[in-house]
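Below: one structure, written as structure tokens.
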Protein chains: 2
Amino acid sequence: MDRPAPNPDARAPLQDLEARCREHGIPLTIQRRAVLAALASREDHPTADQVYQAVQADLPSISRATTYRVLDTLVALGLVVRVSHPDSVARYDAKTYRHHHLLCDVCGAMVDIEPANLPDVALPDLSAAGIRVREVSLQLSGLCARCALETPGSAAPGPADSPRRNP
Amino acid sequence: MDRPAPNPDARAPLQDLEARCREHGIPLTIQRRAVLAALASREDHPTADQVYQAVQADLPSISRATTYRVLDTLVALGLVVRVSHPDSVARYDAKTYRHHHLLCDVCGAMVDIEPANLPDVALPDLSAAGIRVREVSLQLSGLCARCALETPGSAAPGPADSPRRNP
DNA sequence: ATACCTGCAAAAACTTTGCAATTCG
DNA sequence: CGAATTGCAAAGTTTTTGCAGGTAT
């Protein structure tokens, strides 16, 4: 739980990018590299615009439109996923393997929880309802480590009226 | 699994609204009633604009801005929740009790799964990581009943490249 | 009576698209 | 070189805000 997270799928993402681009016969552009690199290097779940800001550091010439297009491409290639978030802006994650999420009631941060840190969750059988389940993940609410420190009481009480957005 | 879902928290939502408004000392307006009623009467997880469209049927004079504001109020009152959805538009749900969601790979629909239909999921203990968990729910991906019927194979294969948005 | 809300209109934030120039293989 | 992509600018969506008038308690 403290080790650098043996990221199950952490083969250098940029190598994957090259492979996937070749597979699909599409060009491996500097922009695609840069966006993927920016996204893979962070632990949070940035919005498209936050990715844009980050990429600009390395590649000042990139445009916002390209960032959006590249993000779409990366999602299509399976190198990036759009994550489910209650906010009304798209958020992206370079961790494409199955994992869980905690949404902090206080700061609104979405933090990854490695499946290894939780008892295993079995694929539920909903065939009785005609539903075929492919994948399950947990969505937790509570207090992230940082906010838990600053908050008295040992149980997480309830959702804040609205999380401050500054994780 | 087939009964009309004995909705654990289905006390007439409009009664709750009156109570909550009184508690908070805020007016019970026709618009608040109408938005809550529209939301409570559907099974899907509509966007703010879809709620607006629906409310217009009963209350043609309502404005889009009011719909957005009322939705925020209802969320603050705890009568409605914003749900986590991978789309980049806010979606709302009048089911405020804990339940699970299935996201259909094919049609993109988000369907509710009653906790009663699944083995119980215990609150994980992440105190070792300094995290306090308040609530857990499952996020499933796969095929909804309707799409499962139209799709051959008994296992859910993998995510469609991008779900058609027409659940 | 008064505090809060609504509608309207305008602004802000987020995302997509058309097109010429550029880049990748 | 040819196909695909990028940047720019403009358009499309979604969401928020200011203000004057209206409404619930």
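Numbers restart at 1 for each chain; the letters A, B, ... are given by sequence-line order, proteins then strands. Nothing here was measured: the structure is a model prediction, and the numbers come from that model.
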Please determine whether side chain to side chain donor-acceptor pair (under 3.5 Å) holds for the pair A:S127 and A:D125, giving the CA-CA distance in whole Å, both sets of side-chain angles, and the decisive distance to 0.1 Å. CA-CA 6 Å; A:S127 53; A:D125 176 10; 2.6 Å; yes
Phosphate contact (C:dC14 OP1 or OP2) by A:S88 side-chain N/O below 4.0 Å: no
Go through A:K95 and A:D93 one step at a time and tell me if the salt bridge (charged side-chain N to carboxylate O under 4.0 Å, His left out) criterion holds. CA-CA 5 Å; A:K95 274 191 189 168; A:D93 192 348; over 6 Å; no
Once you round it to whole Å, what is the distance between P of D:dT15 and CZ of B:R91? 10 Å
ring-ring contact (aromatic ring centres under 6.0 Å, His included) with B:H100: which residues, sequence neighbours excluded? none
Do B:Y92 and B:Q50 get their side chains close enough for a donor-acceptor pair, meaning under 3.5 Å? no
Using C1' atoms of five pairs at each end, report the bend of the helix from C:dA1-D:dT25 to C:dG25-D:dC1 rounded to 10 degrees. 50°
For residues 66-76 of chain B, please give each side-chain donor-acceptor pair under 3.5 Å, one per line with the distance, not counting sequence neighbours.
residue, atom, partner, partner atom, Å
B:T66, OG1, B:S63, OG, 3.1
B:T67, OG1, B:S63, O, 3.0
B:T73, OG1, B:R69, O, 3.0

Tell me, please, which residues at least two apart from B:L28 pass side chain to side chain contact (heavy atoms under 4.5 Å, CB included). B:L17, B:E18, B:C21, B:R33
Checking the side chain of A:R82 only, and the main-chain atoms of A:A90 only, is there a donor and an acceptor separated by less than 3.5 Å? no
Which whole-number value in Å describes the distance from B:D72 CG to C:dC4 C1'? 16 Å
Whole angstrom is fine here: how far is it from CG in A:L71 over to P in C:dC14? 14 Å
At a heavy-atom distance below 4.0 Å, what parts of residues 24-59 of chain A sit against DNA chain C? A:P27, A:L28, A:I30
State, yes or no, whether a side-chain contact exists between A:V111 and A:C104 at a heavy-atom distance under 4.5 Å. no
Between P of D:dT25 and CD of B:E23, the distance in whole Å: 15 Å
Positions of residues 62-70 of chain A (non-hydrogen atom under 4.0 Å from DNA chain D), listed by number: A:I62, A:S63, A:A65, A:T66, A:R69, A:V70
Describe, in one word, how the ring planes of B:H45 and B:H101 are oriented to each other, choosing from parallel (under 30°), tilted (30 to 60°) and perpendicular (over 60°). perpendicular
Would you please test A:R20 and A:D16 for salt bridge (charged side-chain N to carboxylate O under 4.0 Å, His left out) and show each step? CA-CA 6 Å; A:R20 295 285 172 83; A:D16 283 5; 5.3 Å; no
Other residues, nucleotides and ligands only: do more than 12 of their heavy atoms fall within 6.0 Å of CD on A:E43? no
May I have the distance from A:D87 (atom CG) to C:dA13 (atom P), rounded to whole angstrom? 15 Å
